[in-house]
Amino acid sequence: MEGTTMSKNNNFTTEAEDRQIEEAFQDVLNGYLKSNHRKKVEIIERAFKFAKEAHKGIRRRSGEPYILHPIAVAKIASQEIGLGSTSICAALLHDVVEDTDYTVEDIEQNFGKKIAQLVEGLTKISGGIFGDKASAQAENFRKLLLTMSEDIRVVLIKMADRLHNMRTLGSMAPNKQYKIAGETLYIYAPLAHRLGLFEIKTELENLSFKYEHPDAFKRISAKIEATEKQRTDIYNNFAAPVLAKLDAMGLKYTAKARVKSVYSIWNKMETKHIPFEEVYDLYAARIVFDCDDPAQEKGICWQIYSAITDIYRLHPDRTRDWISNPKANGYQALHLTVMGPDGNWIEVQIRSRRMDEIAEKGFAAHWKYKVGEGDEESELNAWLHTIKDILDDPEPNALDFLDTLKLNLFSSEIVVFTPKGELLTLPMDSTVLDVAFNLHTQIGCHCIAGKVNHKLVPLSQKLNSGDQVEVLTSQSQTPKPEWIDFLATAKGKTRLRASLRKLHQPVIATGREIFEKFLKENEIADDNVAITKVMGLFKAGSREEFYYRLGNQEIVLNDYVIKTLRKQSSATKRLLARLLWRSSASENETDPQAEAEAEAAAKRASINRKETYLLKCDESGEGNFRFSDCCNPIPGDDVLGFIDDNGDVVVHSLDCPRARALKASFGPRILSTRWESCEARFLANIHIEGVDRHGILHELISLISTHLSLDIRSLDIRTEKEVFFCDLSLLVSDAAGVNELCAKVKKISGVQKAARV
């Protein structure tokens with residue numbers, strides 16, 4: 001039910017709505033009957049009637065009968081993911097336990113143990129992964145992952161639930177749209193990617209983008225539509241000789257151009273600082289052939305590869321063989337990139353029909369092609385082990401936990417070899433140390449260096465696909481805290497932290513004793529408030545880090561700590577005293593600390609989070625918000641507001657990594673914003689590249705300072721042979737001024753790139 005507000009409506013459904021509900025359910029049933037699953041229609045019909053009765057009189061925020069949501073989730077689970085009757089029933093019943101008086105026991109009694117277990121799993125992780133607090137959020141996400149390792153179908157149904165909520169997000173308030181779109185992009189899209197649900201991943205990304213950047217979404221969509229004829233002509237010219245050759249080979253196949261998603265195009269424009277017109281790989285060609293014998297698929301893929309490279313020039317570094325080494329999520333295909341007749345590189349994906357279904361529907365499609373029981377689970381084992389490694393860390397910082405998880409969800413993979421020729425699949429940017437910990441904790445703890453392709457390298461050396469890696473160890477080596485920066489895998493980080501804890505345990509125990517004695521001697525309560533406050537003072541990431549530094553005499557508990565802790569422990573007393581004081585003291589007396597705390601609480605409560613927050617500031621820069629220092633947005637940028645502990649609105653760029661984490665972690669504090677009036681000027685940084693020539697610098701400075709009347713604050717120009725690079729800081733009134741400047745700079749002869757950074 002996440003992302004959906006319900007309301008109880010005493011008016012029963014109308015005849016038209018009853019027809020709509022029956023037609024929607026019949027659509028689910030018809031799709032199921034066309035699938036190759038066993039036909040268990042009776043139990044699906046019973047689940048539908050049960051859910052319909054349970055949700056009777058309840059409506060979604062959009063006004064439609066609530067039962068249409070579970071029906072839609074069941075349809076996605078069945079027809080877009082490919083699940084069978086058990087999952088369809090669980091999808092129909094997924095909100096019954098949470099939203100009505102029925103229990104899991106009622107579900108088990110009516111529909112059996114397996115369906116009840118799935119419904120219970122979905123109920124545990126209801127209300128979205130993320131709560132109001134980061135610690136609760138991390139705990140909820142653990143529940144999701146633990147449930148996933150028990151039965152992957154829970155997560156697949158959850159994915160269907162999230163997809164339907166994203167498709168109907170338009171009826172939500174703007175701040176809720178930001179929150180749900182943010183956590184979808186932060187966790188659900190990577191999760192869909194990792195599960196092999198590529199169509200769903202793409203749709204989730206596009207829908208999130210549509211609500212986070214509505215103007216950019218419309219602009220890019222319009223440009224894709226406007227260039228469709230041109231793209232079709234280019235593709236037809238490219239495909240004609242290839243299709244003729246494939247026909248001559250006697251293959252039964254389909255070939256089509258797949259246009260990049262709006263989100264992918266925007267991502268490339270942002271990452272590479274290029275306009276839409278310079279995104280040359282707007283589409284990829286895909287060839288899907290029919291083959292009844294899986295043993296012949298690999299040979300046919302390479303025959304098609306040979307036919308294409310006979311016609312077009314191959315890019316030597318961009319061939320990807322995912323057939324010999326499938327991705328961890330089961331993806332198989334052969335990718336090659338060739339130079340098309342228009343002089344642009346075009347990627348071609350070659351797949352069998354079986355590979356195509358697995359690529360689009362992920363693990364669920366394995367069930368269609370499985371040879372024996374449990375085959376599809378074996379595909380998941382390696383990945384689920386990674387998930388369990390992340391869960392093994394006993395006390396992760398909540399946001400670090402999510403970042404580590406996201407890193408492992410969305411990482412591109414590399415494949416490396418041990419000296420014995422064994423394959424290891426690791427995330428991109430993995431190092432020699434990752435390989436060492438992957439092999440065994442003890443090998444990781446004693447790693448001193450490595451040999452990559454027989455060449456000696458440090459343990460921090462990043463690896464590439466195809467490298468042969470040998471780990472060198474020494475018994476005198478011990479693990480170091482700074483190694484955490486060399487690790488990209490969850491397994492490596494978890495095993496290193498566990499080893500450091502074991503190694504540091506005596507020092508940690510000493511530190512704990514020192515702290516407890518300190519509290520006792522100074523008559524300060526030994527509670528969570530005290531330890532949390534002192535960890536903040538010394539910027540310790542965990543209790544163990546604080547105790548270790550204390551036991552190792554890296555920090556000292558002094559009078560300032562005593563003062564801070566006493567101040568903290570008496571905060572509650574002060575608030576109580578303030579209430580008593582208010583009723584007895586004169587109006588002129590004040591309690592500054594209590595006043596400040598009350599003022600911050602009142603400030604937070606006064607902000608209307610349902611309405612769009614209007615951002616204003618005067619010429620001096622004073623206003624009803626402050627800019628974050630992590631992403632430095634300026635007026636005109638796509639931004640969101642975050643209400644901090646003091647009740648102030650902090651403005652972040654929508655694409656700021658920190659803002660994504662805030663959306664996912666503290667959704668209720670997120671504000672939808674709009675620029676109203678900002679009269680001050682703000683610092684912007686611009687990077688310019690081009691071909692060096694006599695007089696180009698003079699033209700550049702003249703344009704900026706004279707023609708555009710902008711105030712330059714710093715200018716750094718360097719040349720490397722025939723190329724120049726320019727980094728420019730200047731004061732501007734808004735983002736439109738920066739865009740105008742970049743557009744004019746690009747018109748200077750020799751300038752290749754000009755973009756804000």
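In this text, all values refer to a predicted model and were calculated from it rather than measured experimentally.
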Can you sort out the partners of Ser653 under side-chain contact (heavy atoms from CB on, under 4.5 Å), two or more places apart, ordered by chain and number? Cys631, Pro633, Asp655, Cys656
Taking only residues two or more places apart in sequence, or in another chain, which ones meet Arg512 in a salt bridge (charged side-chain N to carboxylate O under 4.0 Å, His left out)? none
Six-ring centre of Tyr188, Arg162 cation under 6.0 angstrom, axis tolerance 45°: yes
Gln505: which residues meet the side chain to side chain donor-acceptor pair (under 3.5 Å) condition with it, sequence neighbours left out? none
Tell me, please, which residues at least two apart from Asn438 pass side chain to side chain donor-acceptor pair (under 3.5 Å). none
Listed by chain and number, what are the side-chain contact (heavy atoms from CB on, under 4.5 Å) partners of Glu199, not counting sequence neighbours? Arg258, Glu360
Check side-chain contact (heavy atoms from CB on, under 4.5 Å) between Ser324 and all other residues, then give those that pass, not counting sequence neighbours. Lys298, Asp321
For residues 453-461, run the donor-acceptor check on the side chains, cut-off 3.5 Å, and write out each pair with its distance to 0.1 Å, sequence neighbours left out.
{"unit_1": "Asn453", "atom_1": "OD1", "unit_2": "Gln468", "atom_2": "N", "d": "2.9"}
{"unit_1": "Asn453", "atom_1": "ND2", "unit_2": "Asp467", "atom_2": "OD1", "d": "3.1"}
{"unit_1": "His454", "atom_1": "NE2", "unit_2": "Gln468", "atom_2": "OE1", "d": "3.4"}

Sequence neighbours excluded, which residues qualify as side chain to side chain donor-acceptor pair (under 3.5 Å) partners of Thr271? none
Can you name the salt bridge (charged side-chain N to carboxylate O under 4.0 Å, His left out) partners of Asp727, sequence neighbours left out? Arg718
Pairing residues for Glu470 by the salt bridge (charged side-chain N to carboxylate O under 4.0 Å, His left out) criterion, not counting sequence neighbours: none
Pairing residues for Glu347 by the salt bridge (charged side-chain N to carboxylate O under 4.0 Å, His left out) criterion, not counting sequence neighbours: none
Contacts of Ala754 meeting side-chain contact (heavy atoms from CB on, under 4.5 Å) (sequence neighbours excluded), chain-then-number -> Ile688, Cys742, Val745, Lys746
